[in-house]
Amino acid sequence: MVFTAQQIASFTGGTVEGNPEAAVSTFAKIEEGTEGALSFLANPQYEDYIYETKSTVVLVNADFKPKREVKATLVRVANAYESVAKLLQLYDSMKQKRVGISSLAFIDPSAKVGENCYIGPFVAIAEGVEIGDGVVLHPHVTIGRNAKVGKNTEIYSNAVIYHDCKVGDNCILHAGSVVGSDGFGFAPTPDGYDKIPQIGIVTIEDNVEIGANTCIDRSTMGSTIIRKGVKLDNLVQIAHNVEVGANTVMSAQVGVAGSSKVGEWCMFAGQVGIAGHIKVGDRTVLGAQSGLAGGNLARKGGATMMGYPAIEHRKFAKNMAALNSLPDLLKEVAELRRELDELKSKQN
């Protein structure tokens, strides 16, 4: 598929600076640009590449002011990063979807499979399963009994959806993800730990993306819930009875302990840990490796927090600055103590 700079500008609401008929057929990073490629510049630290890139067209922010001549045709837009995301979505949507059912797949006779689906080799679909229209199941996906998968959802190889769980429309589950494994529930006894049966389910709403090897545990009773628009990175752990609010995003290795409630539009950076049975308010931001054990600041929402235990990010920065000066402070205190001891000795 070939697009001209003018077509790109029309689609993104931008303006062309250079040759409006300049044509592109692929995407490339600005530092790796090639002829016929579309690149973008959103981060100022990459500006030097725009003067040397071989890309034919470059998306830039409307207020970009080049320091010297740019050979590529520019398309000026309100937000280059958002615009390239829309173009990538358009490009991806134009790819022809695979349709058909492999002879090597197993589908229980009681299962219902919608129209225009692709079911790859060695997919296993158990009894009572419902698969919506346009679903794509890559090889070795397993769908447990009575589970439901909404329309236009794509599930990559070796992902598993346990029995009775529900996945909404337009979702993406990446390779190795597990939906509905047992929650970590055990009752201590004098002889060890008795397993508490996890009889609930997982409910995943529409437009959710789940990263590779991410695990979402089924609830003890009721449902673990992932609301619409949530994006979970690779290696995220969502424990039993957790609820994650709409449009919340979590980076790799985040862990949310059981029965916690996370609000809408929250952002958790890598390796954040959330204690169990707490509430996190809407639009809470947690920096990398933060550990949240509760508190009014998080419960209220709208805060940016860092550290362990997580505190307001400006306070965290001040604390770290003080910590860095601690060796000098200890040296100064030791010197003052020595001088004080000398004064005491003279008095005596």
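None of the values given here were measured: they were computed from a predicted structure.
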**Asked** Which residues pass the ring pair (Phe, Tyr, Trp, His ring centres under 6.0 Å) test with Tyr51, sequence neighbours left out?
**Response** none

**Request:** Kindly write out the residues that satisfy side-chain hydrogen bond (donor to acceptor under 3.5 Å, both in side chains) with Arg145, not counting sequence neighbours, or none if the list is empty.
**Result:** none

**Complete:** Applying salt bridge (Lys or Arg N to Asp or Glu O under 4.0 Å) to Glu35 and not counting sequence neighbours gives none

**Request:** Identify, with sequence neighbours excluded, every residue that meets side chain to side chain contact (heavy atoms under 4.5 Å, CB included) alongside Arg283.
**Result:** Trp265

**Residues which pass side-chain hydrogen bond (donor to acceptor under 3.5 Å, both in side chains) with Asn234, listed by chain and number, not counting sequence neighbours** = none

**Item:** Residues in side chain to side chain contact (heavy atoms under 4.5 Å, CB included) contact with Leu330, at least two apart in sequence or another chain
**Value:** Leu326

**Item:** Under 4.5 Å side-chain linkage, directly or through intermediates, the cluster mates of Val160
**Value:** Tyr162, Val178

**Prompt:** For Phe122, what residues pass the ring pair (Phe, Tyr, Trp, His ring centres under 6.0 Å) criterion, not counting sequence neighbours?
**Reply:** His140

Below 3.5 Å, can you tabulate the donor-acceptor pairs from side chains in residues 59-71 to any protein atom, sequence neighbours excluded?
{"from": "Asn61", "atom 1": "OD1", "to": "Ala80", "atom 2": "N", "distance (Å)": "2.8"}

**Asked** According to the ring pair (Phe, Tyr, Trp, His ring centres under 6.0 Å) rule, which pairs have a member within residues 270-329, sequence neighbours left out?
**Response** none

Without placing hydrogens or testing angles, list every side-chain donor-acceptor pair under 3.5 Å for residues 192-200, not counting sequence neighbours.
{"from": "Lys195", "atom 1": "NZ", "to": "Asp182", "atom 2": "OD2", "distance (Å)": "3.0"}
{"from": "Gln198", "atom 1": "OE1", "to": "Thr220", "atom 2": "OG1", "distance (Å)": "3.1"}
{"from": "Gln198", "atom 1": "OE1", "to": "His240", "atom 2": "ND1", "distance (Å)": "2.9"}
{"from": "Gln198", "atom 1": "NE2", "to": "Ile196", "atom 2": "O", "distance (Å)": "2.8"}

**Prompt:** Residues in side chain to side chain contact (heavy atoms under 4.5 Å, CB included) with Ala252, at least two apart?
**Reply:** Asp233

